[in-house]
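Structure record follows, encoded as structure tokens.
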Amino acid sequence: MAERGDGGAREASGRRARGELESEVLAALWAAEGPLTAGQVREALPGDLAYTTVLTILSRLYDKDMLVRHREGRGYAYEPARDEASHTAQRMHSLLEGGSDREAVLARFVSELSVQDEHVLQQLLSGHGARVEDDRPGGGS
């Protein structure tokens, strides 16, 4: 039985699912202590990717404004434009915006939370335990 190309599963051909390599590159950069060159990113990734493949992914992420780059020698060192939590929150927001029934999506999301996540969400909504700084204009007030 062939594996489907979604949910992080490898396709039957052994190729990565769409977007999986970009996610792996971002994860490597989030885990790093600072900006990484393409060669350093390549070393941090599993498997034996071609250097040019890593450069292509870094360029695509940069073009999507997901990375910033700094000149280092003849090349660049890259780092994420946002931290992982901000990136994930933005993706969740985009998905919610794309739906036709926000209330149904939110209700389904909340109904599938673990007990621990539900507790954290309740604390955040009540204003207790909020540990994320609000960087929106006006401070979200």
Side-chain angles (χ1 to χ4, degrees), residues 1-73 75-141:
M1 175 189 278
E3 293 180 51
R4 292 183 52 199
D6 56 7
R10 297 276 172 132
E11 296 176 355
S13 66
R15 294 176 56 104
R16 286 179 171 80
R18 183 173 176 254
E20 186 178 348
L21 188 52
E22 285 185 0
S23 294
E24 289 176 9
V25 167
L26 281 170
L29 289 167
W30 282 317
E33 296 290 321
L36 299 178
T37 64
Q40 292 167 324
V41 171
R42 182 176 177 257
E43 290 173 10
L45 296 173
D48 189 26
L49 292 169
Y51 180 80
T52 54
T53 300
V54 175
L55 272 178
T56 298
I57 296 303
L58 289 168
S59 293
R60 286 180 185 167
L61 290 170
Y62 176 78
D63 290 343
K64 293 177 183 180
D65 294 325
M66 296 173 76
L67 299 180
V68 293
R69 67 185 184 191
H70 313 280
R71 181 62 81 177
E72 186 159 312
Y76 293 99
Y78 297 84
E79 62 184 328
R82 294 185 302 264
D83 63 31
E84 186 175 10
S86 297
H87 172 75
T88 302
Q90 190 277 327
R91 288 180 56 205
M92 292 169 64
H93 183 72
S94 292
L95 289 170
L96 184 60
E97 288 292 316
S100 60
D101 189 346
R102 291 174 74 101
E103 185 175 343
V105 172
L106 286 169
R108 178 62 58 98
F109 176 76
V110 170
S111 73
E112 295 181 10
L113 289 174
S114 69
V115 173
Q116 295 86 359
D117 287 343
E118 187 175 334
H119 181 69
V120 169
L121 184 57
Q122 286 174 338
Q123 285 184 318
L124 291 169
L125 290 172
S126 70
H128 298 93
R131 47 176 235 248
V132 176
E133 291 183 27
D134 191 345
D135 62 353
R136 292 177 294 179
S141 306

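One-based numbering along the sequence shown.
- In terms of the salt bridge (charged side-chain N to carboxylate O under 4.0 Å, His left out) criterion, Glu33 has no residue partners (sequence neighbours excluded).
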Might you work through the side chain to side chain contact (heavy atoms under 4.5 Å, CB included) test for Leu49 and Leu21, ending with a clear yes or no? CA-CA 10 Å; Leu49 292 169; Leu21 188 52; 3.6 Å; yes

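- Across all non-hydrogen atoms, the minimal contact from Tyr62 to Leu67 is CD1-O, 3.4 Å.
- Among residue pairs with one or both ends in residues 98-117, none qualify as ring-ring contact (aromatic ring centres under 6.0 Å, His included); sequence neighbours excluded.
- By the side-chain hydrogen bond (donor to acceptor under 3.5 Å, both in side chains) test, Ser111 pairs with no residue at all, sequence neighbours left out.
- Residues that satisfy the side chain to side chain contact (heavy atoms under 4.5 Å, CB included) test with Ser126, not counting sequence neighbours, are His128.
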Give the table of side-chain donor-acceptor pairs shorter than 3.5 Å for residues 92-107, with sequence neighbours excluded, one pair per line with atom names and distance.
unit_1 : atom_1 : unit_2 : atom_2 : d
Ser94  : OG     : Gln90  : O      : 3.1
Ser94  : OG     : Gln90  : NE2    : 2.9
Glu97  : OE2    : Arg102 : NH1    : 2.7
Asp101 : OD1    : Glu103 : N      : 3.4
Asp101 : OD1    : Ala104 : N      : 3.2

Step by step, work out the side chain to side chain contact (heavy atoms under 4.5 Å, CB included) result for Glu79 and Leu29. CA-CA 6 Å; Glu79 62 184 328; Leu29 289 167; 5.6 Å; no

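- Looking at residues two or more places apart in sequence or on another chain, you find a side chain to side chain contact (heavy atoms under 4.5 Å, CB included) between Asp83 and Ala85, Ser86.
- Within 6.0 Å of NE2 in His119 there are 12 or fewer heavy atoms belonging to other residues, nucleotides or ligands.
- Residues satisfying the salt bridge (charged side-chain N to carboxylate O under 4.0 Å, His left out) test with Glu22, not counting sequence neighbours, are Lys64.
- Residues in residues 39-55 take part in these side-chain hydrogen bond (donor to acceptor under 3.5 Å, both in side chains) pairs, two or more places apart or across chains: Thr37-Gln40, Arg42-Asp48.
- One finds the CD1 atom of Ile57 at 11.0 Å from the CD atom of Glu20 (value rounded to the nearest 0.5 Å).
- Remark: His87 pairs with no residue by the side-chain hydrogen bond (donor to acceptor under 3.5 Å, both in side chains) rule, at least two apart or across chains.
- Here the closest non-hydrogen pair linking Leu45 and Ala28 is CD2-CB, 4.2 Å.
- The heavy-atom pair separating Ala38 from Leu55 by the smallest distance is CB-CD2, 3.6 Å.
- Residues meeting the side chain to side chain contact (heavy atoms under 4.5 Å, CB included) test with Arg71, sequence neighbours left out: Tyr76.
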Decide side chain to side chain contact (heavy atoms under 4.5 Å, CB included) for Leu113 and Val120; before the verdict, give the C-alpha distance in whole Å, the side-chain angles of both, and the deciding distance to 0.1 Å. CA-CA 10 Å; Leu113 289 174; Val120 169; over 6 Å; no

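- Rounding to the nearest 0.5 angstrom, the gap separating the OG atom in Ser59 from the OH atom in Tyr78 is 4.5 Å.
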